[in-house]
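Please read the structure below before turning to the comments.
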Amino acid sequence: TDGRAGNEAPALALAEAIAARTPLSIVKKRIALAHPWRKLPRLFLRDAFGRLDAASDRLDPPYPDLWIGCGRASVALTIAAKSKDPAIFTVQVQDPRAPARCFDLVIPPRHDGLAGDNVFAIIGAPGRPPPPANAEAADHGGEIAAVLIGGPNRAFDLTRRDAETIARRLKALSASGVRLRITTSRRTPPAIADDLRARLVEEAEIFWRAGVDAAKDNPYPQMLAGAAAILVTEDSVNMAAEAAATGVPVFLLALTERRARAAKKFRAFHQSLIDHGAARFFEGALDCWRYPPLNETARAADEVVRRWRKDADPAVR
């Protein structure tokens with residue numbers, strides 16, 4: 001991947017799930033194409049391996065048995081890897097915006113609408129399984145809420161007005177007895193993260209800023225494990241999918257729409273979570289319900305292993 005959390009986390013989560021099913025070692029590669037190749041369409045990259053930036057990880061032989069790419073920057077390299085060694089089983093996570101036949105398996109989010117013999121669509125994106133739920137939420141009457149704040153993307157913005165609205169609603173929750181544990185993401189503008197922290201300094205038991213506060217103290221996994229409800233801004237597929245893997249109510253926090261066409265796919269994703277019974281848009285109060293935890297990463301890993309084995313030995317079914 002290009003190393004960005006939104007691309008690297010799903011790829012690693014899928015690799016780890018596969019490793020739980022069949023023995024393998026995982027090697028992480030962060031790649032970058034050199035200028036001007038990074039700006040050009042994929043079809044211009046006839047030798048993608050030869051167009052890597054000096055700061056990129058090397059992609060030298062021996063090549064892996066299984067290759068997982070995620071994100072636009074990896075697409076040309078995944079295709080090139082197969083041409084260098086046809087024995088590599090190539091998996092591309094997310095919509096590659098390239099013909100599916102260029103890969104052994106494509107794992108896009110269902111809301112992208114891709115279909116084909118070698119396409120295995122899932123709800124959201126692969127994610128690491130949440131830690132086992134602990135008794136903390138029950139010990140406090142189900143009053144702990146984890147709040148996951150994302151940031152601007154092509155579909156949505158996170159404006160100061162959005163931050164004000166979110167802070168006001170969280171203050172009201174706190175006043176009703178809900179204990180708040182809040183984390184921002186690497187996409188959260190620093191000024192917005194600081195503003196939210198200042199507004200909620202008295203209400204939040206935890207306020208962790210990704211990329212700012214010490215990485216070793218990241219409370220994110222424990223926040224999910226201890227929550228009776230999870231609130232997540234609507235810009236993040238990864239965080240919403242990970243929240244839905246817990247089986248506790250997920251509430252979507254609305255943001256300012258930036259591009260209607262891009263937002264349409266997110267709306268489809270949100271609807272898939274709603275249809276699963278996992279999520280609702282936040283209207284100011286926390287309801288309580290249960291649903292089967294989302295387990296799409298396990299399904300995807302099972303499919304990779306099945307096809308990979310079949311590819312290696314056609315007699316295996």
Side-chain angles (χ1 to χ4, degrees), residues 1-19 21-22 24 26-29 31 33 41-43 45 48-49 59 63-128 153-155 236-238 240-242 262 264-266 268-269 272-273 294-312 314 316-317:
T1 75
D2 60 8
R4 291 187 296 173
N7 292 327
E8 187 172 274
L12 285 175
L14 179 61
E16 290 166 1
I18 296 168
R21 288 157 170 77
T22 186
L24 57 82
I26 298 171
V27 179
K28 181 172 63 176
K29 295 287 187 176
I31 51 86
L33 293 170
R42 173 185 57 82
L43 295 176
L45 296 172
F49 276 47
L59 301 174
Y63 297 121
D65 301 293
L66 174 66
W67 173 295
I68 300 173
C70 186
R72 181 177 294 183
S74 70
V75 171
L77 292 161
T78 303
I79 295 171
K82 189 71 172 180
S83 67
K84 285 182 175 292
D85 185 352
I88 300 175
F89 189 86
T90 57
V91 178
Q92 193 67 28
V93 180
Q94 299 181 353
D95 181 355
R97 300 184 183 180
R101 65 177 181 274
C102 296
F103 314 91
D104 289 304
L105 184 61
V106 178
I107 303 178
R110 185 182 298 174
H111 59 266
D112 277 346
L114 298 185
D117 292 340
N118 62 333
V119 174
F120 188 79
I122 63 174
I123 298 174
R128 288 187 170 98
N153 58 18
R154 290 183 301 166
S236 176
V237 170
N238 289 350
E242 288 173 350
K264 184 177 180 180
K265 289 188 176 183
F266 280 83
F269 165 62
S272 68
L273 292 183
L294 202 63
N295 201 16
E296 296 292 81
T297 307
R299 286 203 316 118
D302 287 339
E303 187 68 9
V304 171
V305 171
R306 184 184 73 82
R307 292 185 184 239
W308 183 18
R309 287 174 175 169
K310 181 179 177 181
D311 183 75
V316 175
R317 294 292 185 268

Discussion item. Holding to salt bridge (charged side-chain N to carboxylate O under 4.0 Å, His left out), I want the full list of residues that pass it with Arg42, two or more places apart in sequence or in another chain.
Written reply: none

Worksheet entry | Contacts of type salt bridge (charged side-chain N to carboxylate O under 4.0 Å, His left out), residue Lys28, not counting sequence neighbours | Glu8

Discussion item. Going by the rule side-chain contact (heavy atoms from CB on, under 4.5 Å), which residues pair with Asn295 if we only count those two or more places apart in sequence or in a different chain?
Written reply: Ala298

Worksheet, complete the sentence: Residues passing the side-chain contact (heavy atoms from CB on, under 4.5 Å) test with Ala262, sequence neighbours excluded, are Arg154, Ala155, Arg259

Discussion item. Test of understanding: with side-chain hydrogen bond (donor to acceptor under 3.5 Å, both in side chains), list the residues that count as partners of Glu296, not counting sequence neighbours.
Written reply: Arg299

Fill in: Closest approach of Ile123 to Ser272 (non-hydrogen atoms, all atoms of both residues)
CG2-OG, 3.4 Å

Worksheet item: So which pairs with a foot in residues 98-111 pass side-chain hydrogen bond (donor to acceptor under 3.5 Å, both in side chains), sequence neighbours left out?
Response: Lys82-Asp104, Thr90-Asp104

Fill in: Crowding at NZ, Lys84 (>12 non-hydrogen neighbours, <6.0 Å)
yes

Discussion item. Can you list everything that forms a side-chain contact (heavy atoms from CB on, under 4.5 Å) with Ala17? Sequence neighbours excluded, please.
Written reply: Arg21, Thr297, Ala301

Worksheet entry | Nearest heavy-atom neighbours spanning Pro96 and Val75 | O-CG2, 3.7 Å

Fill in: Leu24 versus Ala19, closest heavy-atom pair with distance
CD1-CB, 3.6 Å

Worksheet item: So, for Gly71 and Gln92, which heavy atoms are closest and what is the spacing to 0.1 Å?
Response: O-NE2, 3.7 Å

Worksheet item: Closest approach of Ala125 and Asn238, non-hydrogen atoms and distance?
Response: CB-OD1, 3.1 Å

Fill in: side-chain hydrogen bond (donor to acceptor under 3.5 Å, both in side chains) against Arg97, all qualifying residues, sequence neighbours excluded
none

Worksheet item: Under the salt bridge (charged side-chain N to carboxylate O under 4.0 Å, His left out) test, which residues partner Asp85, sequence neighbours left out?
Response: none

Discussion item. Nearest 0.5 angstrom please: Leu33 CG to Phe49 CZ, how far?
Written reply: 11.0 Å

Item to complete: From the options Val106, Thr78, Ile68, Asn118, select the one residue that forms a side-chain contact (heavy atoms from CB on, under 4.5 Å) with Val91.
Response: Ile68

Worksheet item: For Leu77 and Trp67, what are the C-alpha separation, side-chain angles and deciding distance, and is it a side-chain contact (heavy atoms from CB on, under 4.5 Å)?
Response: CA-CA 10 Å; Leu77 292 161; Trp67 173 295; 4.1 Å; yes

Discussion item. Do Arg128 and Leu12 have side chains that approach each other closer than 4.5 Å (heavy atoms only, starting at C-beta)?
Written reply: yes

Worksheet entry | side-chain contact (heavy atoms from CB on, under 4.5 Å) against Asp65, all qualifying residues, sequence neighbours excluded | Trp308

Worksheet item: Looking at side-chain heavy atoms only, is the closest gap between Leu273 and Leu294 below 4.5 Å?
Response: yes

Practice prompt. Looking only at non-hydrogen atoms, find the nearest pair between Asp95 and Pro109 and report the distance.
Written response: N-CD, 4.4 Å

Response to the item:
Taken in chain and number order and not counting sequence neighbours, the residues that satisfy side-chain hydrogen bond (donor to acceptor under 3.5 Å, both in side chains) with Asp2 are Arg4, Asn7

Response to the item:
Residues passing the salt bridge (charged side-chain N to carboxylate O under 4.0 Å, His left out) test with Glu303, sequence neighbours excluded, are Arg306, Arg307

